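Written out below as structure tokens is the structure these notes cover.
Everything numeric in this text was worked out from a predicted model, so none of it was measured. Below, read A as the first sequence line, B as the second, and so on, with proteins coming before strands; counting in each chain starts at 1.
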Number of protein chains: 2
Amino acid sequence: MDRTGLTIAEAAAETGLTADTLRYYERGGLMLRPIPRAASGHRHYAESDLTWIRLITKLRSTGMPIRDVRRYTELCRAGDGNEAERLDLLRAHRQVVLARLAEVQDHLGAIDYKIGLYEDRLERPLRSTA
Amino acid sequence: MDRTGLTIAEAAAETGLTADTLRYYERGGLMLRPIPRAASGHRHYAESDLTWIRLITKLRSTGMPIRDVRRYTELCRAGDGNEAERLDLLRAHRQVVLARLAEVQDHLGAIDYKIGLYEDRLERPLRSTA
DNA sequence: TCTTGACCTGGAGCCCACTCCAGGCCTGAC
DNA sequence: GTCAGGCCTGGAGTGGGCTCCAGGTCAAGA
């Protein structure tokens, strides 16, 4: 009964991902290290693993493709010396996200306008053809 | 030589979509009306078609799934009387987009923080271990 | 001791939104 | 007239990101 680390189900609950997704990420090289196993082969997630998963979840949820997350992970795994490259990667992602945010906000404005038109129309239903 | 309307290639250039995507949207019921054809069977897009395509492009680019765009299209095609339903659909979409924007902004904040850490680290490269 | 249920793996399946043929017709410039 | 090139259709293929499954191992509570 070793108490070291969480089961995959617990890690899933903690991070908001599914166990399947956690395994998929690990297979895909998105973990900083292979998740340690008990003798039975069951994974035991440490707090540091959860911290990493939470980080890459933020990258993913802002639209970073898995291959870029993998690239970033590889850089981090490689240790000191490539910080400039990691910074480049994050900055490039930042630019993409900002552009995307601006576009969505712009288009949402147009949709809001449309919503306004319908609201007006529904407020005075009998005057619309007058 | 009728001058009525643009070819699919011109419509694609105007809207920023591809000809394939325009055909795919039409097949999928995302057009307000079937695009008129010349005797040869070639499509001729009117200005009103482009206006519609630009609208649904905004819906799509804010993340509305195709099935919802189709639903909205069907409502519009059905004519007057279902404005409340259209409004509901747009408002629901608006809520989803706002939630998504907030999430992305939040996560981007965390990424910005990370970027800041790397910037600090790279500014004083020899002091980082001191 | 038994049995329930979490976990394992490799691989197939799924959903979404396009994207790309092949095979054929049409048109317009030369 | 001819021929390059745009357009047509139905359908297959692609890429991304999971999601599910079969078949098997293992641990802990009744």
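Rounded to whole angstrom, the span from the CD1 atom of B:I8 across to the C1' atom of D:dT9 amounts to 12 Å. The CG-P distance, from B:D68 to C:dC16, rounds to 11 Å in whole Å. Going from atom CD of B:E26 over to atom P of D:dC7 covers 14 Å, rounded to whole Å.
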**Fill in**
Protein heavy-atom contacts under 4.0 Å, written 5' to 3' over nucleotides 18-23 of chain C as B (base), S (sugar-phosphate only) or - (none), form the string BBB---
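In summary, B:R100 and B:E103 engage in a salt bridge, as defined by a charged side-chain N under 4.0 Å from a carboxylate O. Between A:E47 and A:R54 there is a salt bridge, since a side-chain N of the basic residue sits under 4.0 Å from a carboxylate O of the acidic one. A salt bridge between A:E10 and A:R43 is absent, with no side-chain N of the basic residue lying under 4.0 Å from a carboxylate O of the acidic one.
Proximity of A:R43 to the phosphate of C:dC7: no side-chain N or O atom is located under 4.0 Å from OP1 or OP2. At least one side-chain nitrogen or oxygen of A:R37 sits closer than 4.0 Å to the OP1 or OP2 atom of C:dT9.
Nearest-nucleotide positions on DNA chain D for A:R67 and B:E10 put B:E10 closer to the 5' end. Both B:M64 and B:H42 lie close to DNA chain C; mapped to their nearest nucleotides by heavy-atom distance, the more 5′-ward contact belongs to B:M64.
B:A9 comes within contact range of the sugar-phosphate backbone alone, with a heavy-atom separation under 4.0 Å but no base atom that close.
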**Message:** Run the side-chain contact (heavy atoms from CB on, under 4.5 Å) test on B:T73 and B:Y25 for me, step by step, so that the C-alpha distance in whole Å, both residues' side-chain angles and the decisive distance to 0.1 Å come before the verdict.
**Reply:** CA-CA 11 Å; B:T73 304; B:Y25 279 2; over 6 Å; no
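For residues 64-76 of chain B, the set of pairs meeting the salt bridge (charged side-chain N to carboxylate O under 4.0 Å, His left out) definition, not counting sequence neighbours, comprises B:R71-B:E74, B:R71-B:E85.
Looking at residues two or more places apart in sequence or on another chain, you find a side chain to side chain contact (heavy atoms under 4.5 Å, CB included) between B:T57 and B:L17, B:I53. In terms of the salt bridge (Lys or Arg N to Asp or Glu O under 4.0 Å) criterion, B:D88 has no residue partners (sequence neighbours excluded). Applying the salt bridge (Lys or Arg N to Asp or Glu O under 4.0 Å) rule to A:D112 yields the partners B:R94; only residues at least two apart in sequence or on another chain are considered.
Axis angle across the helix from C:dT1-D:dA30 to C:dC30-D:dG1, with five pairs used at each end and values rounded to 10°: 0°.
The heavy-atom pair separating B:R77 from B:G29 by the smallest distance is NH1-O, 3.8 Å.
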